[in-house]
Asks: 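Following this message is one structure expressed as structure tokens.
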Amino acid sequence: MTKQELPKAYDFKSTEARIYAMWETGGFFKPHNDPNKPGFDPNVKPFVISIPPPNVTGELHIGHAMFVSVEDLMTRYHRMKGYSTLWVPGTDHAGIATQLMVERDILQKEEVTREEMGREEFLKRTWEWKHKYGSLITNQIRRLGASCDWDRERFTLDEGLSRAVREAFVRLYEKGLIYRGPRLINWSPGLKTAVSDLEVEYEEEEARLYYFKYMLKDSDEYIPVATIRPETILGDTAVAVHPDDERYQKFIGKTCIVPILNREIPVIADDYVSIEFGTGALKITPGHDPNDYAIAHKHNLPIISILDKEAKVNENGGSYKGQDRFDARKNLWADMKKAGLVIKEEPYRTTIPRSQRGGEIVEPMISEQWFVTIEPLAKQALDAVKDGRIKIVPERFEKTYYNWMENIKDWCISRQLWWGHRIPVWYCPDNHMTVAREDPTACATCGSKDIHQDEDVLDTWFSSGLWPFSTLGWPEQTPDLEYFYPTSYMETGYDILFFWVARMIMSGLEYTGQIPFHTVYLHGLVRDEQGHKISKTKGNVIDPLILMDEFGTDALRFNILVGSTPGNDTNVGPKKVEANRNFVNKIWNAGRFVIAAIDSQQSIDKPGDYTLADSWIWAKLQQLVRDVERQIQNFQYGQAGQAIYDFIWNDFADWYVEVAKEQLKNDATRARTVDTLARVFDISLKLLHPFIPFVTEEMWGHLRRAVLDAGASHIFDDSPNALIVAKWPEPRPLEGWEETKIADFTLLQEIVRSIRNLRAEKNVAPSKRIAANISAGAKTALLKAQANVIASLAGLSEAELSITETLQEKPKDAAALVVGSVEIYLPLAGMVDLSNEKARLEKELKEAESHIQRLENLLGSDFANKAPAALVQKERDKLAGYKDTAEKIKAQLK
RNA sequence: GGGCGCGUAGCUCAGUUGGUUAGAGCGCUACUAUCACACAGUAGAAGUCGGGGGUUCGAGUCCCUCCGCGCCCACCA
């Protein structure tokens, strides 16, 4: 019976989609302990992650690949550990982003404005857009291998989540924690909506500072004032100076004249003004500057708005009415120049507030908006992290979190958009407010039927803040909510710690009375191969889809996961992904070897004794399992992945497989070798599965079939028929024999390496089998048992290999090697020139002696008294070893 | 102004609580198409762990300080 040949190179293209479909249709993404189904056991521990919902209209970028890789790793690990694992998928309606996209792609083409189209039609079109493109992103996330329970997929604007948003709003309102009023907010003139403080980005830019004269009323005297935005002069309601400023003290209480408009405004004193800075005098524009706004409140100054929603000058700006803010700046300044009010202007570097979305300069403006009183919410959220109920990984971000929470300001939650959750407030003609969970038909105060709903929608983050519990059914007390909430990990980028994580913690505590998750894991940002920040303008955008096309999903995932550390940025690029593709291929081919070995066996049911290599690889594997477990528990996923990589490539493929080739030739060792290959490879695949799920699942399937065909079902007796739900390898306590076997095999490796080294140095043809005499002392029995392995690995002729306890006499014309206490003679006479042998040996002696010197110094110091005894003993043994080596080299030099 | 991070081989980066002779990938040098894999193998070259000081038997790792980058927060016109 001939088995089907596996191709030499792993073909991810034909594998990935098939494997994913197998998982999904097999129901493996669902929690095995479902509270909605019979047989539910409340005592089984759940493990839950809510996906950071990508924008519903978005397309996959490398940031998605990052969170999917990490969360899928977390999820698969816990699934294999036996948790009832749930990863809740979904998408975000992303108010501004989506609305902008629809406006750009539909309205612009049809040459209609949003206003012309009308709200109802616009929303209809946006929903159509969502239905058309909404599955794009989720399909791309599937392609990354995400083991989400797609039956529980949610959307922030779907019915259930909208109900949750209403409930949350009404509760806060009823508690008095939501208010409406005119406040100074950040206005985005391009988007024509308010944005929150977080949505404004400050960048240092080149600007100009304008100096001018504030003339005193009925006087030739003036106060010099500087500003970056001259147009705001139109809204000035005072000039402020420091009370102690001797230059200006005489003006305090007097009146000055607003340039061009000729309004009269007072000169006030406030110690907010710094005497040293600028001219030492400050114009106060409460309608368009947050500091001035505060000062105006303190001094009871009038507040004048001079700009409309498009940032054009309004009726308060006199003749400048209708001009764009920047035109008004130019024109007003020109007019002031003519009037002789200008002193000078100069270049000036300052921070300019820009909208995170549109990029245009944000204008502080007075506007009627809805706010959340944030302090009581922040207090709880602060405590939850401080008292350890929520842990942030890496820990340093806890400090960042505290700092933000302690200085938080009220949250402006209303947006002048259409795409989003409409604010559940209705007004009657008498302006009574009705705030309701269900759409009302009449005013709650006066009963008027003539009511209309607030036009504004809520900030997108208001609904995403509810995500961990709204997706589980809140406000209803569903079985899902009961069992799966609070969730376990919140995994996301550090860049949205405030936007999202902080708000989820506040919301969770406020609405559910519980923390929404107990651990926050923050990953770093993805950078390009050179470590540069990725940006469209720089043109170094990394498309994960292209990388997956070329190298496969596993390779991309492994790149993202390995070599990175929590909270630190990580580099991704074709070169790196290619290197990981090579690793994936290595696994594939190691697997082919293992399977071929199994197939060649009649039965591997009755293995014999373990060889040294069998024990060694098993010991190394146990070490690996312990190591990986510890690293994963500590969120050191990169370290864990690296350890598995090293084991598979360096220990398993480079050494054990090579030894196995020899052991398979021998009847006495064959069965145990096949058995060991299968077991070690099986466990390796299990450890690797959360990192690179596709190739491991595929290869494990082949392995399992081969093993079962060979009648060795005991190897897999604890595992179901898919790796994704196989049992995670449990670490076992260290056993005494492990270190011995590792030490013995390490000696063998060193012997082999030193022979290979010499051969390379002497240019002995790789295919040339040479003779060797080994004098092994105490290690004689050990090495004798491994004679065939040593011969095969070092290219020795087994027939001409002699291993004895001592040598009667030193072979003539042989190159000599010393490994620890083992002496090796390679009679190379006739093959190579041995004239420089003496120099080589002297060099080695020198090296050994320098070690002896170093160790004698070390052991002669306080180290011997103060360091742990085991460590000291280790160094002593080492010293003895070097001494032995040196002695033997010296003897050879005689 | 406050806070955080980084500086380790030519390049990009790991290095958990201080404990051998500091590691990986890529690149580089030499050799190898043999029967898991040339997406490979074997052997090799390459680092005063940014500078200085301190604690310690012992420091890439802890403390101080200086230098150079980067990020976050913040209301100085």
Side-chain angles (χ1 to χ4, degrees), chain A residues 6 8-10 202 209-210 225-229 232 240 272-274 276-285 289-295 348 350-351 394 396-397 399-400 402-404 407 494-495 497-498 525 527-531 533 551 555 559 562-565 567-571 573 575-576 578-597 630-631 634-636 638-639 642 645-646 653-654 657-658 660-661 753 756-761 763-767 795 847 850-851 854-855 858 861-868 871-872 874-875 878:
Chain A
L6 297 175
K8 276 192 173 189
Y10 168 57
Y202 293 87
L209 190 56
Y210 301 84
V225 175
T227 181
I228 289 166
R229 299 181 292 158
T232 61
Y272 167 78
V273 182
S274 65
E276 301 78 29
F277 193 85
T279 64
L282 183 61
K283 65 190 258 330
I284 303 297
T285 320
D289 184 283
N291 300 313
D292 297 3
Y293 183 75
I295 291 173
Y348 188 72
T350 188
T351 49
R396 65 172 185 273
F397 284 102
K399 210 167 167 178
T400 316
Y402 297 151
N403 188 52
W404 188 75
N407 297 296
Y494 63 72
D495 52 331
L497 178 60
F498 307 140
L525 271 33
R527 293 166 175 273
D528 77 5
E529 219 147 34
Q530 298 308 309
K533 203 171 171 178
F551 302 114
N559 179 186
V562 173
S564 73
T565 193
N568 282 16
D569 295 352
T570 185
N571 301 355
K575 278 252 176 80
K576 286 182 180 259
E578 185 180 14
N580 289 306
R581 186 274 316 263
N582 294 351
F583 175 58
V584 169
N585 193 240
K586 192 77 184 177
I587 294 162
W588 178 257
N589 277 293
R592 287 176 66 215
F593 177 83
V594 173
I595 287 163
R630 200 187 75 242
Q631 303 284 20
N634 291 333
F635 303 96
Q636 301 286 333
Q639 291 289 301
Q642 187 67 50
Y645 179 103
D646 291 343
D654 287 351
V657 165
E658 292 308 315
K661 285 174 186 172
R753 258 196 279 257
R756 285 171 175 173
N757 187 342
L758 189 82
R759 292 174 59 120
E761 204 175 300
N763 283 319
V764 178
S767 53
E847 206 188 309
S850 86
H851 281 299
R854 181 180 57 80
L855 288 168
L858 179 66
S861 72
D862 256 5
F863 173 79
N865 310 324
K866 299 201 174 176
L871 207 65
V872 176
K874 223 170 151 187
E875 297 303 317
K878 227 182 294 170

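Naming: A, B, ... by sequence-line order, numbering from 1 per chain.
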Asks: Can you work out whether Gly638(A) or Arg396(A) has the more 5'-proximal nearest nucleotide on RNA chain B?
Replies: Arg396(A)
Asks: Going by purine N1 to pyrimidine N3 plus the second Watson-Crick contact, or the G-U wobble pair, all under 3.5 Å, which nucleotide sits opposite C49(B)?
Replies: none
Asks: Base, sugar-phosphate, or nothing for Tyr348(A), non-hydrogen atoms under 4.0 angstrom?
Replies: sugar-phosphate
Asks: Using a distance-only criterion (donor-acceptor N/O pair, under 3.5 Å, no hydrogens), is the base of C76(B) paired with the side chain of Tyr272(A)?
Replies: no
Asks: Quick one: label Val594(A) by what it contacts on the DNA or RNA (base, sugar-phosphate, nothing), any heavy atom closer than 4.0 Å.
Replies: nothing
Asks: May I ask you to say what Lys576(A) touches in the nucleic acid, namely base, sugar-phosphate or nothing, with a heavy-atom cut-off under 4.0 Å?
Replies: base
Asks: Please give, in whole Å, the distance from G19(B) C1' to Lys874(A) NZ?
Replies: 9 Å
Asks: Between atom CZ in Phe863(A) and atom P in G58(B), what is the gap in whole Å?
Replies: 11 Å
Asks: Determine which nucleotide pairs with G7(B), using a 3.5 Å limit on both distances of a Watson-Crick or G-U wobble pair.
Replies: C67(B)
Asks: Could you state the atom-to-atom distance from CG of Asn582(A) to P of G27(B) in whole Å?
Replies: 9 Å
Asks: If I pick the P atom on A38(B) and the same atom on C26(B), what distance separates them, to the nearest angstrom?
Replies: 16 Å
Asks: Counting Watson-Crick and G-U wobble pairs only, both distances under 3.5 Å, name the nucleotide matched with G1(B), or none.
Replies: C73(B)
Asks: When both hydrogen-bonding distances must be under 3.5 Å and the geometry is Watson-Crick or G-U wobble, what is C35(B) paired with, if anything?
Replies: none
Asks: Any non-hydrogen side-chain atom of Thr232(A) less than 4.5 Å from a side-chain atom of Asp289(A)?
Replies: no
Asks: Is a donor on one side and an acceptor on the other found under 3.5 Å between the side chain of Asn589(A) and the backbone of Lys8(A)?
Replies: yes
Asks: Identify whether any heavy atom of Thr570(A) sits under 4.0 Å from a base atom; if not, whether one sits that close to sugar-phosphate; answer base, sugar-phosphate or nothing.
Replies: nothing
Asks: I'd like to check Gln636(A) versus Arg630(A) (side-chain heavy atoms, cut-off strictly below 4.5 Å). Are they in contact?
Replies: no
Asks: What does Ala765(A) touch in the nucleic acid at a heavy-atom separation under 4.0 angstrom: a base, only the sugar-phosphate, or nothing?
Replies: nothing
Asks: If you take atom types as modelled and just measure distance, does the side chain of Lys878(A) reach the base of U20(B) with a donor-acceptor pair under 3.5 Å?
Replies: yes
Asks: With the side chain of Asn568(A) defined as its heavy atoms from C-beta on, choose the nearest nucleotide among C73(B), G25(B), A14(B).
Replies: A14(B)
Asks: At under 4.0 Å between heavy atoms, what does Ser767(A) touch on the DNA or RNA strands: base, sugar-phosphate, or nothing?
Replies: nothing
Asks: Can you say whether a donor on the side chain of Lys586(A) sits under 3.5 Å from an acceptor on the base of C37(B), or the other way round?
Replies: yes
Asks: Whole-Å distance between A24(B) P and Gln639(A) CD?
Replies: 13 Å
Asks: For G18(B), give its Watson-Crick or G-U wobble partner with both distances under 3.5 Å, or none.
Replies: none
Asks: CD of Gln642(A) versus C1' of C13(B): gap in Å, rounded?
Replies: 10 Å
Asks: Taking only N and O in the side chain of Lys283(A), is any of them less than 4.0 Å away from OP1 or OP2 of A77(B)?
Replies: no
Asks: Give the nucleotide from the list U12(B), A43(B), C76(B) with an atom nearest to the side chain of Phe277(A).
Replies: C76(B)
Asks: Could you work out which one of U20(B), C57(B), A36(B) sits closest to the side chain of Glu658(A)?
Replies: A36(B)
Asks: With a cut-off of less than 4.0 Å, is there a side-chain N or O of Thr565(A) near OP1 or OP2 of C13(B)?
Replies: no
Asks: Once you apply a heavy-atom cut-off of 4.0 Å, does Ala579(A) come out as touching a base, just sugar-phosphate, or nothing?
Replies: sugar-phosphate
Asks: Considering only side-chain heavy atoms of Asp654(A), which listed nucleotide, G41(B), C57(B), A43(B), is closest?
Replies: G41(B)
Asks: Need the pair for A43(B). Rule: Watson-Crick or G-U wobble, both distances under 3.5 Å, any strand; none if unpaired.
Replies: U29(B)
Asks: Could you check which of C13(B), A36(B), A77(B) has an atom nearest any side-chain atom of Asn571(A)?
Replies: C13(B)
Asks: With heavy-atom distances below 4.5 Å as the criterion, would you say the side chains of Leu525(A) and Asp495(A) are in contact?
Replies: yes
Asks: Nearest-Å distance, OH (Tyr494(A)) to P (G70(B))?
Replies: 14 Å
Asks: Would Tyr494(A) and Asp569(A) count as having a side-chain donor-acceptor pair, cut-off 3.5 Å?
Replies: yes
Asks: Hey, which sits more toward the 5' end of RNA chain B by its nearest nucleotide, Arg581(A) or Arg756(A)?
Replies: Arg581(A)
Asks: Answer yes or no: does a side-chain N or O of Asn589(A) lie under 4.0 Å from OP1 or OP2 of A40(B)?
Replies: no
Asks: In Å, rounded to the nearest 0.5 Å, how long is the span from NE2 of His851(A) to CG of Leu858(A)?
Replies: 13.0 Å
Asks: The side chain of Lys866(A) is closest to which nucleotide in this list: G15(B), C37(B), C57(B)?
Replies: C57(B)
Asks: Charged N to carboxylate O under 4.0 angstrom, Glu578(A) versus Arg581(A)?
Replies: yes
Asks: Mind calculating the distance between CG (Asp289(A)) and C1' (C76(B)) to the nearest angstrom?
Replies: 10 Å
Asks: Measure the CG-CG distance between Asn291(A) and Leu282(A) for me, rounded to the nearest 0.5 Å.
Replies: 8.0 Å
Asks: Side-chain donor-acceptor pair under 3.5 Å between Asn582(A) and Asn585(A), yes or no?
Replies: no
Asks: Just N and O in the side chain of Ser274(A): are any of them under 4.0 Å from OP1 or OP2 of A77(B)?
Replies: no
Asks: Strictly by Watson-Crick or wobble contacts shorter than 3.5 Å, is anything paired with U61(B), and which nucleotide is it?
Replies: none
Asks: Given atom CZ of Phe397(A) and atom C1' of C72(B), what is their separation to the nearest angstrom?
Replies: 9 Å
Asks: Ignoring hydrogens and angles, does a donor from either the side chain of Arg759(A) or the base of U42(B) sit under 3.5 Å from an acceptor on the other?
Replies: no
Asks: Would you indicate which nucleotide in C11(B), G70(B), A77(B) comes nearest to any side-chain atom of Arg527(A)?
Replies: G70(B)
Asks: Measure from the side-chain heavy atoms of Pro766(A) and tell me the nearest of C31(B), U20(B), C39(B).
Replies: C31(B)
Asks: May I ask you to say what Lys661(A) touches in the nucleic acid, namely base, sugar-phosphate or nothing, with a heavy-atom cut-off under 4.0 Å?
Replies: base
